[in-house]
Number of protein chains: 2
Amino acid sequence: MANRKATRIIALADALAARRVLHLKDAAALLGVSEMTIRRDIADNPGLFGYLGGHIVPAADIDADAPYDLAREADSHATAKREACVHAARHIRPDETIFIDCGTTLEYLVDLIPENYSITAVCYSLNVADRLTRRPNARIVMLGGVYHPSSASFSGNSGLETLNHLGINVAFLSAAGVDPARGATCVHFHEVPVKQKVISLARESYLVVDKSKIGKLKPAFFAPLTAFRAVITEGGEAALSVLEAPSG
Amino acid sequence: MANRKATRIIALADALAARRVLHLKDAAALLGVSEMTIRRDIADNPGLFGYLGGHIVPAADIDADAPYDLAREADSHATAKREACVHAARHIRPDETIFIDCGTTLEYLVDLIPENYSITAVCYSLNVADRLTRRPNARIVMLGGVYHPSSASFSGNSGLETLNHLGINVAFLSAAGVDPARGATCVHFHEVPVKQKVISLARESYLVVDKSKIGKLKPAFFAPLTAFRAVITEGGEAALSVLEAPSG
DNA sequence: CATCATTTGTGAGAAATATCACAAATGGGG
DNA sequence: CCCCATTTGTGATATTTCTCACAAATGATG
């Protein structure tokens, strides 16, 4: 009795895994039951199914529960971040290797890589890697290690070791704080070794942040501003000497 | 003129990035325009926005274009795969370290890890890693390297090197072909070194496949069946000597 | 095989969304 | 400052989805 229902739920989940979206009507037809039954199945399994105006989707796709902590901060300064990345993207050249730091800021950079450029992108976070997989012409190198949910990134000796085998033309770094005197800082200490090694190995490094980060100081220091060719914000490339706290 | 529209589109994309789902009505209120305008914005940017019965979602969430090639095969034998994983999950013990192979089969295993078990999971593919991030009690170790879209996995020397530093209690391997005589084979050669090293290091290894794989032979050989404690299918654990081609 | 709890189907009215045509507003160019 | 192309708003109508109550069917149990 409950057997029939359980089987149907599994079949529905399977169909959804394949299709990503399923119309209520189609689902009913597919499983040979009424729309009402499908409605109830969905309502009974909120962890499995999401439902949007007649369409069934995987719960994961619309789940407000953040898969990583990142999502909570995703909205703040999104426009500024995107604009900063537009400026940063001008330093990407075809057939070169770039490094993309973790965090939400540089996620936008991935979508701004020109379609026809074939590049190699080095990353160490899931959100950046996910975005990169959608780009047909990108070769992706992931630095592995132990996962840190706070930044959706990985860290470990083997990841650092991998960097020894790579030639990085341009590195795009991000920071949670940019202090004119102290330099670039971030929140999580595990990111520091990766950032530092990348900066030391890459031909050119750029710090990409929205202006809200300027003037802030966070616990983990990773580089003086002189380590970067430029600091790139939504206003463009700032000469290092001109940096100042945001007006607001 | 087109300026206003472009600004609004970006704002909408930003709001969506934060919320994952946005009701048409809310979007209209948020941006201070009519629902009709939002409708048109969405229709004009099919690459950016998806739309399902009154709700705006990121296009990526409902895009039929597979992020990885995996998705195309995702539906086939899904129920059998899930059932095989149910049997496999009985070998997971709390506070231990498990290895999860790439492919769609073992993705299901992640969801079957008991909620209250705190485990360490070693993986080398994006789809498995993604699922693991949704589990609060899992420590995740990712083997890095160069990305292979065909299996959404990474391979490289540093990933192999990482394995030397790990103690794996139970390894769950998958295969595209299981031949009683020849053993376990897969399609992609780059997976072979990882699988072999894992088998050699783990205390126990299990081969988890749906029955459709039995009798098949694929290009890349990675282990004889004697390397595994058992072959686990939707029918349960098969004694190695009893393996035979599926009846259908 | 009769009983009971659960699951499933149906239909009608209520609510929401979709579509369209036309009017109003906006911004750039002469 | 006027004109024109584009963008935006409004309201009516058509379509779809939602909710609910009740009837029918199902499967387990004694």
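A, B, ... follow the sequence lines: proteins, then strands. Residue 1 opens every chain.
- For the pair B:Asp41 CG and D:dG9 C1', the interatomic distance rounds to 13 Å; values are reported in whole Å.
- The CD1-C1' distance, from A:Ile38 to C:dT8, rounds to 11 Å in whole Å.
- Taken over five-pair windows at either terminus, the axes of the helix from C:dC1-D:dG30 to C:dG30-D:dC1 are inclined to one another by 30° (rounded to 10 degrees).
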Please list every donor-acceptor pair under 3.5 Å in which a side-chain atom of residues 85-92 of chain B meets a protein atom from a residue at least two apart or in another chain.
residue	atom	partner	partner atom	Å
B:His87	NE2	B:Glu234	O	3.3
B:His91	ND1	B:Tyr206	OH	3.0
B:His91	NE2	B:Glu237	OE2	2.3

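- Applying the ring pair (Phe, Tyr, Trp, His ring centres under 6.0 Å) test to residues at least two apart or on different chains, the pairs with a partner in residues 12-62 of chain A are A:His23-A:His55.
- In this structure, B:Arg8 atom CZ and C:dG27 atom C1' are separated by 14 Å, rounded to whole Å.
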Filtered N/O pairs between nucleotides 18-21 of chain D and protein, under 3.5 Å:
residue	atom	partner	partner atom	Å
D:dC18	OP2	A:Arg39	NH1	2.7
D:dC18	OP2	A:Arg39	NH2	3.2
D:dC18	OP2	A:Tyr51	OH	2.3
D:dC18	O5'	A:Arg39	NH1	3.4

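- Of the charged side-chain nitrogens involved, none lies within less than 4.0 Å of a carboxylate oxygen, so that A:Asp179 and A:Lys216 do not count as a salt-bridged pair.
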Set out, in order, the CA-CA distance, both residues' side-chain angles and the distance that settles side-chain contact (heavy atoms from CB on, under 4.5 Å) for B:Tyr124 and B:Asp101, then state yes or no. CA-CA 7 Å; B:Tyr124 67 116; B:Asp101 205 355; 2.7 Å; yes
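- In this structure, CD of A:Glu35 is placed 10 Å from C1' of D:dT16, rounded to the nearest angstrom.
- A:Asp130 has its side chain within reach of B:Asp130: a pair of non-hydrogen atoms, C-beta onward, lies under 4.5 Å apart.
- A:His23 has no side-chain polar atom (N or O) that falls below the 4.0 Å cut-off from OP1 or OP2 of D:dT16.
- Residue-level contact check: B:His55 touches neither bases nor backbone, having no heavy atom under 4.0 Å from any strand.
- Considering only side-chain atoms of A:Lys25, the nucleotide from C:dT17, D:dT17, C:dT8 that sits closest is D:dT17.
- In this structure, CD1 of A:Ile56 is placed 11 Å from P of D:dT17, rounded to the nearest angstrom.
- The distance from atom CG of B:Asp210 to atom NZ of B:Lys81, rounded to the nearest 0.5 Å, is 6.0 Å.
- A salt bridge between B:Glu204 and B:Arg93 is present, with a side-chain N of the basic residue lying under 4.0 Å from a carboxylate O of the acidic one.
- Applying the salt bridge (charged side-chain N to carboxylate O under 4.0 Å, His left out) criterion to A:Arg40, with sequence neighbours excluded, gives no partner residue.
- OP1 or OP2 of D:dG9 lies within a sub-4.0 Å distance of a side-chain N or O belonging to B:Ser34.
- Scored by the side-chain contact (heavy atoms from CB on, under 4.5 Å) test, A:Ala84 finds A:Val208 as partners (sequence neighbours excluded).
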